[in-house]
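Here is the structure we will look at.
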Amino acid sequence: MNYINMHMHGKIGCFSFAIACLVNLIIILVVTLHLHSPDVSYHEEKPTIGFHCVTVISCALLIISCMLSRICCQGQIYEIVWRSILLGIGQALGITITSCCSTNYLSLGWYISVMSFFHFSEFVVTSIIRPQNLTSESFLLNHSKAYGIAALVSWIEYWTELWIFPGLKNSYWISGIGLFLCIGGEIVRKTAMLTAFHNFDHLIRTQREEHHQLVTGGIYSLCRHPSYVGWFYWSIGTQIILCNPLCSVAYLIASWKFFNERVFEEEVTLLHFFGKEYVAYQSKVPTGLPFIHGHNIN
């Protein structure tokens, strides 16, 4: 019964995300068509007004939606619903900024879309592979304080540099490289999660579950930690999208340090779980992360 309830939470999250995204897109479309009436002249300032317009609309819709969900939902369902709504509205906002607003904000639109999709897809894939473990934490929105601070710093750098050096944010070929890294990282990570299926977990396990098996096929035949490989390049890509030179370097260093420690800790448990089987796997397949070798019992 618990399995069914958690799986249902996944469906509720998907429904909330889709409705929030569609409603936001429809409202913005109606407003855009109204502003594009024949009586409105086309000036350079208009797209900028459009950016502020869609931002205000999205924020207002988010507040109203969260208030309604608070009235209608309780407990874990509420926690899942408001997060799904947030990401759905964010997805719509990113799409709108990319397609309808000034090209000065193109990279920002890509960034918002990439962030929204990543966190919601973490929840969706978890609902498929480990529905019994599905909670509001599966979005990874509150992954850690360091993750939140890093995101905040990147936003500060973006808006500061947009104000002082606006031309810096118009390097679309650089943003395109970042988008490529994010899409590639997303595909690699989600492929890894689906390949490992119930053997995957967002947390490092300290005890081996009865059904836990060592996955060495598919994408795991190319690298030992493909989910970390995907996340590593995705995180760096988000800053390249924004053309944030400082945070691009900082994210590279911080992500490498985090995954170096994470891989070492995880492989200690994997060696304990699988022994010689994992040692043999280590000898044949690299971690996939640059200059990270994991834990070697030798």
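- Considering all non-hydrogen atoms of both residues, Ser69 and Cys66 come closest at OG-O, 2.8 Å.
- You'll find the side chain of Leu242 stays beyond 4.5 Å of the side chain of Ser175, heavy atoms only.
- A 4.5 Å side-chain heavy-atom check between Tyr233 and Tyr228 finds every atom pair outside the cut-off.
- Without hydrogens or angle criteria, Ser171 side chain to Trp173 main chain gives no donor-acceptor distance under 3.5 Å.
- Between the side chain of Thr238 and the main chain of Ser235, a donor-acceptor pair closer than 3.5 Å is present.
- Ser138 is listed as a side-chain neighbour of Thr135, based on a closest heavy-atom distance under 4.5 Å.
- In this structure, Arg83 contributes its side chain and Glu79 its backbone to a donor-acceptor pair below 3.5 Å.
- Here salt bridge (Lys or Arg N to Asp or Glu O under 4.0 Å) pairs that include residues 87-108, with residues two or more places apart or in two chains, number zero.
- Closest approach of Ile241 and Cys182 over heavy atoms only: CD1-SG, 3.7 Å.
- Shown are His119, His225, His143; of these, the ring-ring contact (aromatic ring centres under 6.0 Å, His included) with Trp231 is made only by His143.
- Formation of a donor-acceptor pair under 3.5 Å by the Arg189 side chain with backbone atoms of Gly230 is not found in this model.
- Side-chain contact annotation: Asn244 with Ser154, donor-acceptor N/O pair under 3.5 Å absent.
- Among all heavy-atom pairs drawn from Gly288 and Cys223, the shortest one is CA-CB, 3.6 Å.
- Partners of Arg70 according to the salt bridge (Lys or Arg N to Asp or Glu O under 4.0 Å) rule, which considers only residues two or more places apart in sequence or in another chain, do not exist here.
- Side-chain contact between Leu87 and Phe123: absent, with no pair of heavy atoms (C-beta onward) separated by less than 4.5 Å.
- In this structure, Cys100 SG and Tyr105 OH are separated by 15.0 Å, a value rounded to the nearest 0.5 Å.
- No donor-acceptor pair closer than 3.5 Å links the side chain of Tyr220 to the backbone N or O of Ala196.
- In terms of heavy atoms, Trp256 sits closest to Ile292 at NE1-CG1, 3.4 Å.
- Ring centroid separation for the pair His212 and Phe274 comes in under the 6.0 Å cut-off.
- A search for salt bridge (Lys or Arg N to Asp or Glu O under 4.0 Å) contacts involving Lys190 returns Glu122, Glu186, not counting sequence neighbours.
- Ala151 and Tyr251 make their closest contact through N-OH, 3.4 Å (heavy atoms, listed as atom of the first residue, atom of the second, distance).
- Heavy atoms of other residues, nucleotides or ligands lying less than 6.0 angstrom from CZ of Phe165 number 12 at most.
- Applying the salt bridge (Lys or Arg N to Asp or Glu O under 4.0 Å) test to every pair with at least one member in residues 252-263, sequence neighbours left out, gives no pairs at all.
- Under the 3.5 Å distance criterion, with hydrogens and angles disregarded, a donor-acceptor pair is assigned to the side chains of Ser136 and Gln76.
- Tyr172 places a side-chain N or O within donor-acceptor distance of the main-chain N or O of Thr103, the cut-off being under 3.5 Å.
- Looking at residues two or more places apart in sequence or on another chain, you find a salt bridge (Lys or Arg N to Asp or Glu O under 4.0 Å) between Glu267 and Arg224.
- Put simply, the side chain of Arg205 gets close to the backbone of Asn199: a donor and an acceptor are under 3.5 Å apart.
- One hydrophobic cluster, built from ILVMFWY side chains closer than 4.5 Å, cannot hold both Val249 and Leu168; they sit in different ones.
- Remark: the backbone N or O of Ser113 is not paired with any side-chain donor or acceptor of Ser116 at under 3.5 angstrom.
- Closest heavy-atom contact between Gly13 and Ile80: CA-CG2, 4.0 Å.
- Between the side chains of Tyr158 and Trp163, no donor N or O sits under 3.5 Å from an acceptor N or O.
- Annotation: the span from Leu181 atom CG to Ile177 atom CD1 amounts to 8.0 Å, rounded to 0.5 Å.
- Open room surrounds NE2 on His272; 12 or fewer heavy atoms of other groups in view lie less than 6.0 Å from it.
- Ring geometry, Phe51 versus Trp159: the interplanar angle falls from 30° to 60°, so the pair is classed tilted.
- Listed by first then second residue, pairs satisfying salt bridge (Lys or Arg N to Asp or Glu O under 4.0 Å) with a partner in residues 136-165 read Glu161-Lys169, not counting sequence neighbours.
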